[in-house]
Amino acid sequence: MQIKAEEISQIIQDQIANYEQKMEMTETGTVLSVGDGIARVYGVENCQAMELLEFPGQVFGLALNLEEDSVGCALLGEDTHINEGDTVKRTGRVFSVPVGEAVTGRVIDPVGNPLDGKGPVTLEESRLVDIKAPGIVERQPVDEPMYTGLKSIDSMTPIGRGQRELIIGDRQVGKTAIGLDAILAQKESDVHCFYVAVGQKKSTVAGVADTLQRHGAMEHTTIISATASEPAALQYIAPFAGCAMAEHLRDNGKPALVIYDDLSKQAVAYRQMSLLLRRPPGREAYPGDIFYLHSRLLERAAKFSDEHGGGSLTALPIIETQAGDISAYIPTNVISITDGQVYLEPNLFNAGFRPAVNVGLSVSRVGGSAQTKAMKKVAGTLRLDLAQYRELAAFAQFGSELDKSTQAKLERGKRMMELLKQDQYQPMPVQDQVAVLFAGSRGYMDDISEDSVRKFEGEFLDFMKNSKPELLDEIKEKKDMDQDLESKLSSAVEEFKKGFQE
């Protein structure tokens, strides 16, 4: 076969003539097909992963599948006005969100559009939503407490700054309430909070915003909302958007708390998108990278070493179980990624124990290192005592004769269970928790009837705040319980008991 010079020159001339046209083709593309919130686009050859593409009618799409001949896009808006053959433009922007002061106290969607009617969010600084988690060298072990204000959590499953503690349970057992209490408990601290609502009802998100507003916690909170009526792409990206906003604070040496409510719905949205993008399904039709979806999100929670500013990002992911099955696919995935879980039990909730924390199945893998010495001393044996109480209570149902020590354990256990009850939206400062748990665990409530425990607790705290405020201040400042402080507390409890009437 002979190569002819004129043929080669003709090809080169054609290439030169069409060069400009080719360049234009790479920056715009054509819709091949659209439907169910997914569009396939041809022609955007230089498109990047997670880049925003602009469709007609100011609708943006997120480039997820970069294939040889087309790009699979998840639309971030309505697909009703987009038709086959429409022109698509590259924006050159990889998905990013506004960060910093501009989002403080606001209710926004994952793209950064305001939902609270307070005007546009000023874009002074932005940050990519999907970035790599910090490495091991940049981190330090979790050793600083992040108080939730809930006695049952701060005493037995403590959370530290930079930790990831899973809140898990069936629907309607108070998972969101724990997250909100944790936000309210940060009012006195310097922690900025982010509440990410995924797949919730709009009325629920409005209720959360209203609650935070009423309790004066909205000034240090940002709500990122992707409700059930939003496209799956927004529900999938919302936790990453909230994480990016919180990371901005962490990287500037400040502490942040982010609550993902909830990751079960994010997993469902991601499954929907993946199946429509024709990605191969795995177990329960979830795509193969569903574990990676949650691990790359939750691994971004960290406490930085002092050389890197010492900032922290604490994550409280929420997972909803079906009929208490914590061994299902998504729950076990997230349990294996997080540093412990708070399991909420429907039976306890229905029996009036709220927050309905199951002591046996709840655990913090950071444990005592996220507690002050004072809390360790008063709550050290609490978990074991309650576990023994539950075992004895099950045994005592058979009505056999019980010896005195067993009866005493049962009576103490009943009172401690009563003491761990707490009303919603009333987080308790750590010094108050230590004082109350001290009175309970040292046996000062054993001779008080079970029904009067809550009354005793309320009046005892009032007595401490009015008559012995210096004792509470000492617990707060020392963060330890020495012999001297212990004897002062003992005499304070005894002095209060003399005037207490059931």
Would you say the side-chain atoms of [X] pair up with the backbone N or O of [Y], donor to acceptor, closer than 3.5 Å?
X      : Y      : result
Thr227 : Lys202 : no
Asn350 : Pro346 : yes
Thr30  : Thr87  : no
Lys151 : Leu437 : no
Asp181 : Leu150 : no
Ser312 : Arg161 : no
Glu230 : Ser225 : no
Asp262 : Lys265 : yes
Glu51  : Gly92  : yes

Residue pairs, two or more places apart or on separate chains, that pass salt bridge (charged side-chain N to carboxylate O under 4.0 Å, His left out) and touch residues 345-372: Glu345-Arg390

Below 3.5 Å, can you tabulate the donor-acceptor pairs from side chains in residues 171-179 to any protein atom, sequence neighbours excluded?
| residue | atom | partner | partner atom | Å |
| --- | --- | --- | --- | --- |
| Lys175 | NZ | Asp170 | O | 2.7 |
| Thr176 | OG1 | Asp261 | OD2 | 2.7 |

- request: Just do the side chain to side chain contact (heavy atoms under 4.5 Å, CB included) check on Val31 and Asn83 with the steps written out, would you?
  value: CA-CA 7 Å; Val31 176; Asn83 302 308; over 6 Å; no

Which pair of heavy atoms, one from [X] and one from [Y], lies closest together, and at what distance?
X      : Y      : answer
Gln266 : Val198 : N-CG1, 3.8 Å
Ala63  : Cys73  : CA-SG, 4.0 Å
Glu138 : Pro134 : OE1-CB, 3.6 Å
Val334 : Leu298 : CG1-CD1, 4.0 Å
Thr104 : Gly100 : OG1-O, 3.7 Å
Ala328 : Arg283 : C-NH2, 4.3 Å

[X]: which residues meet the side chain to side chain donor-acceptor pair (under 3.5 Å) condition with it, sequence neighbours left out?
X      : answer
Asp289 : Tyr270
Ser305 : His308
Gln371 : none
Ser364 : Gln163

Is there a side-chain contact between [X] and [Y] in this structure, where contact means two heavy atoms from C-beta onward sitting under 4.5 Å apart?
X      : Y      : answer
Arg90  : Gln48  : yes
His220 : Val191 : no
Leu297 : Cys243 : yes
Asp251 : Phe304 : yes
Val196 : Ile259 : no
Thr157 : Gln341 : no
Leu64  : Arg279 : yes
Gln186 : Ser189 : yes

Spacing of [X] atom [atom1] and [Y] atom [atom2] [to the nearest 0.5 Å]:
X      : Y      : atom1 : atom2 : value
Ile237 : Asp109 : CD1   : CG    : 12.0 Å
Arg271 : Ile330 : CZ    : CD1   : 8.0 Å
Met417 : Ser152 : CE    : OG    : 9.5 Å
Arg296 : Ile337 : CZ    : CD1   : 11.0 Å
Glu45  : Asp69  : CD    : CG    : 10.5 Å
Met375 : Asp154 : CE    : CG    : 5.5 Å

query: For Tyr236 and Leu62, what are the C-alpha separation, side-chain angles and deciding distance, and is it a side chain to side chain contact (heavy atoms under 4.5 Å, CB included)?
result: CA-CA 11 Å; Tyr236 147 71; Leu62 194 58; 4.3 Å; yes

Thinking salt bridges, do [X] and [Y] make one under a 4.0 Å N-O criterion?
X      : Y      : answer
Lys421 : Glu418 : yes
Arg164 : Glu299 : yes
Glu67  : Arg278 : no

- prompt: Is the CG atom of Asp36 crowded by more than 12 outside heavy atoms at less than 6.0 Å?
  reply: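 For Asp36, atom CG is not crowded (no more than 12 foreign heavy atoms under 6.0 Å).
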
message: Just checking Lys455: does its NZ atom have more than 12 heavy atoms from other residues, nucleotides or ligands closer to it than 6.0 angstrom?
response: yes

message: One pair to check against side chain to side chain contact (heavy atoms under 4.5 Å, CB included): Asp130 and Phe95. What are the steps and the verdict?
response: CA-CA 8 Å; Asp130 203 353; Phe95 197 106; over 6 Å; no

- prompt: Could you go step by step and tell me if Glu247 and Ile131 meet the side chain to side chain contact (heavy atoms under 4.5 Å, CB included) rule?
  reply: CA-CA 10 Å; Glu247 271 180 329; Ile131 56 173; 3.6 Å; yes

task: Report the residue from Val205, Val107, Ile223 that forms a side chain to side chain contact (heavy atoms under 4.5 Å, CB included) with Tyr195.
output: Ile223

